[in-house]
Amino acid sequence: MTTVRVSLPGPVAVIPSQKVRDQLAPQLRPAHLVENINRLARAGALPARIEEKYLAVYTDTHVAGLYVTPLGDAYRLGWAAPRGFRDEERLLRGALLLGCGAGWHEYHHVGDVPRGVMSSHMALLRQAWADVGSLRPPPPRLPPEHTEYLDLMEQVIDAGRDIEVARQRAEPPIHYRRRESTREERRSVSGVYEFHLARPTAPAVGAVVHLADQPELRGKVIRVKDAEVIVVRFDSAVDYGRIPAQGALTVMPSDLVFRAQADAVAALRRGEVTNVELLRWLVDRRLAPFRVDPMARPRGTLDPDSQLLAFQRALAVPDLLLILGPPGTGKTRTITEIAAACTARGERVLVTSHTNRAVDNVLEQLPEDVQTVRVGNEDAMTGRARDLMVENHVMRAREEVLAATEALASRLVVFAGDAEAAERWMTHLTDSLDAARAADHEMAGHATALDHVVRRVRAPIADRLAATEARLKTAWAAADRLHDREGHWERRHAQAHERATAGPLAFSYRWLADRRLSKLREVRRRLVPARAELADAAGAHDAGRAEVDRLVAADPEANGLIRVRDAADRRRQEAVAEANRAAEMLWAMVSGVMPVPPLDLPDDLPTWDRLRGQLGTSVMMSRRRASLLAEWRAGIGDAELDLQREFVRYADVVAATCIGTATSKLLADLEFDLAIVDEAGQISTPNLLVPLVRARRCILVGDHMQLPPYLDDEVREWGENLARDGLLPPAAAQEIGELLGRSAFERLYGTVPPDHQVMLAVQRRMPRQVGEFVSAAFYDGVLRTEHAGGGGGPLFTSPFAMVDTADRPAGERRERPAGRGEDGSGRGWVNALEADLIVRLVTRDARHHKDWAVIVPYRAQAERIRAGLRGTLGDGRQVADNVGTVDSFQGGERDLIIYGFTRSNPQGAVGFLKELRRLNVAVSRAKRQLVLVGDTTTLSAARDEGFRHLVRRMLDHLGRVGDRRSSVEVLAHLDGPEGEFL
């Protein structure tokens, strides 16, 4: 811990804000907080840190935020929070230790602070804080290639931020034609409204918007419906009447993503990352050798080839492992087994990806006993992931705590309140013992007087009584002596008799036994008259006592004293009985809430006093326990943020998007033993760095033969211009192009040591006819298929089928432009013939394949198909969920997949279809049946050589194992009775 001691030369004034007064009362008054600050400061042991806008001081239990007043002579106490683990970590990075002999003093108002006496001493503190910084170790000296890499990364991030913010500011307002209130099941009171847009120009989910003419009414887009309806949750409750019936929303510029990326790069530059070798992984490809444990086994079942190998390497690798997971190879199952095994040995695991959906897919399969916490925007999560949100963990924990303590709280009710039952019984016990003690005192006084009367009454026969008592004592002693002698000779005779039965001395012992029997008989003979004398003496003595009792009963004075004594005795017995009842009630109360010894009711009052003290102590402890439990149960909801932090800190698995790991305050400063990044082939390097800087080791799971990272056209053009205009050396310009166009996974795979990469090589999703094409086209034929088979059915004879529209006239099959839409940017395209074919195919096949999806390249074409299907199927939600672009289906799967190419033109223009990896994603989603719809004339004559070659290979494959049909033939069948092709 880096610390600098500072002695403040004068007193310090603190003015608590009203917010703090409300926040701390009644648990901790501001005066108590300032008193704790003052106590530590006088001891020279008050920890403090200078943050960006305030001075943070740390008491034993709390952290307080102090803001310098305008005159610089005092601090305003702006907030206070319980001290937690995160605060301890901050102090370990550096702190001031403040001493102040003149003390810290609380004032109610700024005007109450004496002028010219007090000071914030901020100049002195800032100078000392600079000294703290100088004591920290300097940032590491990076090799030139690492510095260049970070410089280029910063250029990419800055360019992306500038372009995106400029675009956001230039965007026109989003006009809506009506607004509706919607009921949202939320814990907050924020207003949620639905806006129906004038045209389909919906912002992205997560965008922050405000009413165009009321910027203070700000909220977040939580849902988008068909690009025409958006749902906005406002930051605060908004009255319905404040929102115009028609109006506009303005998207607020945000650089949150870019700031997270820049912070990761800055941490790498400063060396403030969990693993300082991270740049060597990424730039130098320098990774440590390791050995796997061949006996390591997962909980569940993994295939013995690639999945098990990936699992074993993941457990052993000390730095970085890349797992290539083609479609259907069980990468999610492999990830969950790795995560479960690593948490079982005490590692904290981060599961992350670039989308919420990819993160949630992993969470779906994690074992129930793995403590998992999901962090992020709940509106973008699946139902299972929402259940794992840290807020829901806290809510359940609160409910469990309240339920678990409900019975105890009920039992402790008797110890709560001003008129508690336990206190009443304690009072009753005390009063009963006092009454018994008073009765004892009264009886003792009357016993003395009665003793004098008895001596007076028995005086005439005293000598006779003394003689009978002496006779009784003598007779008793004589009989007692003889009785002891009888026992003695009985034992001696038994011993001799036992030895007289056998052995060489048996004769001697028989003689001895006879002698001892004679002695015993003599004692018994003498005992008969002794017992008779004892009986006579006892009778005479009893007769004398009876005569004394008659004389006492006949004496008026003695008779009165006896009545008074007996009355006091009855009162004593009644008081002791009440004391017994009170003690039993109190024991039953305290034994229900704390361990106590068994109740042993005493006879004498001194022992009763000790029991009363023990019961009083138990009642007092139970009363304190009742008060603490009631206060804790009432205040458990006030500690939600602290509970959330603790849940995250002690979770086995934390799940968040890459950017979410940096933007969530709950994850700030949290480090991980392992980061598992899913769909890493789609994640740009700047985004990937955000989680990587937080982990000691990392596993990248992805497939660079599927969708690449999204690259904005303007950012791409910026990178191309750098090279064309000579603004950067060719090598640097090429590196920027690589950073923009290829994921870190793609750049690393094949260049790291062989032990640090593994391919999952068996796919079980696609039918063999589809899987073999995918393997040959994208994975050099090494992807094997294990599939039970499927497909064919009412329309096609093979799981791999195509409807060819090349048989139709050019005017019928040709595409048409459709404004915005080439996957969200540039011009989009629609194809009426393909859309109609797809609608009719789904309408027919949806009866046989309940689990279906339609994938097309363009949003405009997707919307046209949705509109057609809503007319035939009528299920708006099902249609909306099952029709979309390629990007929305990566990671998903359906029994039936229909993919429409859309493009049909004599020029062979295929647009971004030339990105072959999109076709890989589209065709690899099918579990039973894949149907392609397109114009093979255009597709097989595409200007792009790579795409043209792939299509021709696909058509050859279809000719061998598939079912390729003309559109006329398919339509004829669709128009006729239902049945299979002949």
Side-chain angles (χ1 to χ4, degrees), residues 326-330 703 705-706 760-779 781-805 834 837-856 882-884 886 889-901 916-934 936 939 950-967 969-971 973-974 978-982:
T329 54
D703 182 4
M705 298 311 299
Q706 297 190 63
L760 306 181
V762 180
Q763 75 84 17
R764 296 174 175 81
R765 175 195 297 161
M766 299 169 278
R768 178 183 55 79
Q769 295 87 338
V770 180
E772 288 177 351
F773 168 69
V774 170
S775 177
F778 300 102
Y779 301 100
V782 299
L783 181 62
R784 306 193 307 278
T785 293
E786 290 182 7
H787 192 276
L795 293 177
F796 301 102
T797 61
S798 170
F800 194 5
M802 181 170 188
V803 180
D804 189 355
T805 63
E834 287 190 20
L837 268 168
I838 291 172
V839 168
R840 297 180 69 178
L841 283 167
V842 171
T843 303
R844 172 68 69 91
D845 275 7
R847 306 172 194 172
H848 304 278
H849 297 288
K850 301 297 184 185
D851 187 26
W852 59 269
V854 174
I855 304 175
V856 290
N882 290 349
V883 179
V886 175
F889 278 98
Q890 173 144 342
E893 57 186 20
R894 299 285 195 279
D895 286 343
L896 168 66
I897 292 290
I898 299 179
Y899 178 67
F901 287 93
L916 304 183
R917 292 177 286 191
R918 291 182 182 278
L919 181 61
N920 183 19
V921 173
V923 302
S924 61
R925 305 301 100 196
K927 296 195 294 182
R928 294 182 59 81
Q929 179 73 62
L930 171 66
V931 180
L932 306 178
V933 180
T936 58
L939 301 177
L950 181 63
V951 167
R952 291 177 179 177
R953 289 182 64 184
M954 182 185 70
L955 295 176
D956 290 341
H957 187 76
L958 273 166
R960 291 193 303 275
V961 301
D963 188 5
R964 179 178 171 186
R965 301 280 178 166
S966 68
S967 63
E969 186 180 6
V970 171
L971 286 172
H973 178 77
L974 292 172
E978 186 171 345
E980 296 187 1
F981 283 124
L982 301 178

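The CE atom of Met802 sits 10.0 Å away from atom CG of Leu930, with the distance rounded to the nearest 0.5 Å. Within the model, atoms CD1 of Ile838 and OG1 of Thr843 stand 11.5 Å from one another, a figure rounded to the nearest 0.5 Å. Summarising the geometry, atom OH belonging to Tyr779 is positioned 15.0 Å from atom CZ belonging to Arg784; distances are rounded to the nearest 0.5 Å. Going from atom CG of Leu837 over to atom CG of Leu974 covers 7.5 Å, rounded to the nearest 0.5 Å. Here the CD1-CE distance, from Ile897 to Met766, works out to 11.5 Å after rounding to the nearest 0.5 Å. A distance of 9.5 Å separates NE2 of His973 from CG of Leu841, quoted to the nearest 0.5 Å.
In terms of modelled atom types and a separation under 3.5 Å, the side chain of Arg953 and the main chain of Ala776 share a donor-acceptor contact. The closest donor-acceptor contact from the side chain of Thr805 to the backbone of Ser967 lies at 3.5 Å or more, if one exists at all. Put simply, the side chain of Asn882 gets close to the backbone of Trp852: a donor and an acceptor are under 3.5 Å apart. Remark: the backbone N or O of Ser798 is paired with a side-chain donor or acceptor of Gln929 at under 3.5 angstrom. With hydrogens and angles disregarded, a donor-acceptor distance shorter than 3.5 Å links the side chain of Ser924 to the backbone of Asn920.
Remark: Tyr899 engages Phe901 in a ring-ring contact (aromatic ring centres under 6.0 Å, His included) (not counting sequence neighbours). In terms of the side-chain contact (heavy atoms from CB on, under 4.5 Å) criterion, residue partners of Asp804 (sequence neighbours excluded) are, by chain and number, Ala806, Thr936, Arg964. The side-chain hydrogen bond (donor to acceptor under 3.5 Å, both in side chains) search around Ser966 returns none, not counting sequence neighbours. Residues passing the side-chain contact (heavy atoms from CB on, under 4.5 Å) test with Asp851 are Arg894, Asp895, Lys927, sequence neighbours excluded. By the side-chain contact (heavy atoms from CB on, under 4.5 Å) test, His787 pairs with Pro767, Thr785, sequence neighbours left out. Every residue two or more places apart in sequence or in another chain that forms a side-chain contact (heavy atoms from CB on, under 4.5 Å) with Arg764 is listed here: Asp303, Gln307, Val762, Glu786. Evaluation of the salt bridge (charged side-chain N to carboxylate O under 4.0 Å, His left out) rule for Arg917 yields Glu746, Glu915 as partners, not counting sequence neighbours.
Side-chain contact between Val803 and Phe796: present, with at least one pair of heavy atoms (C-beta onward) separated by less than 4.5 Å. Within the 4.5 Å cutoff, the side chain of Pro326 has no heavy atoms near those of the Gln763 side chain. Between Asp845 and Ile898 the shortest side-chain heavy-atom distance does not fall below 4.5 Å.
What you find for Phe778 and Leu916 is that their closest heavy atoms are CE2-O, 3.5 Å. Minimum interatomic distance between Leu783 and Leu760 (heavy atoms only, all atoms of both residues): CD1-O, 4.1 Å. Contact between Pro799 and Arg928 at its shortest, heavy atoms only, is CB-O, 3.4 Å. The minimum heavy-atom distance linking Ser775 with Val782 is given by the pair OG-N, 3.5 Å.
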Inset, instruction - Please test Val774 against Val923 for side-chain contact (heavy atoms from CB on, under 4.5 Å), starting from the C-alpha separation and ending with a verdict. - result: CA-CA 8 Å; Val774 170; Val923 302; 3.9 Å; yes
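Using bins of under 30°, 30° to 60° and over 60° for the plane-to-plane angle, the ring pair Phe800/His957 lands in the tilted bin.
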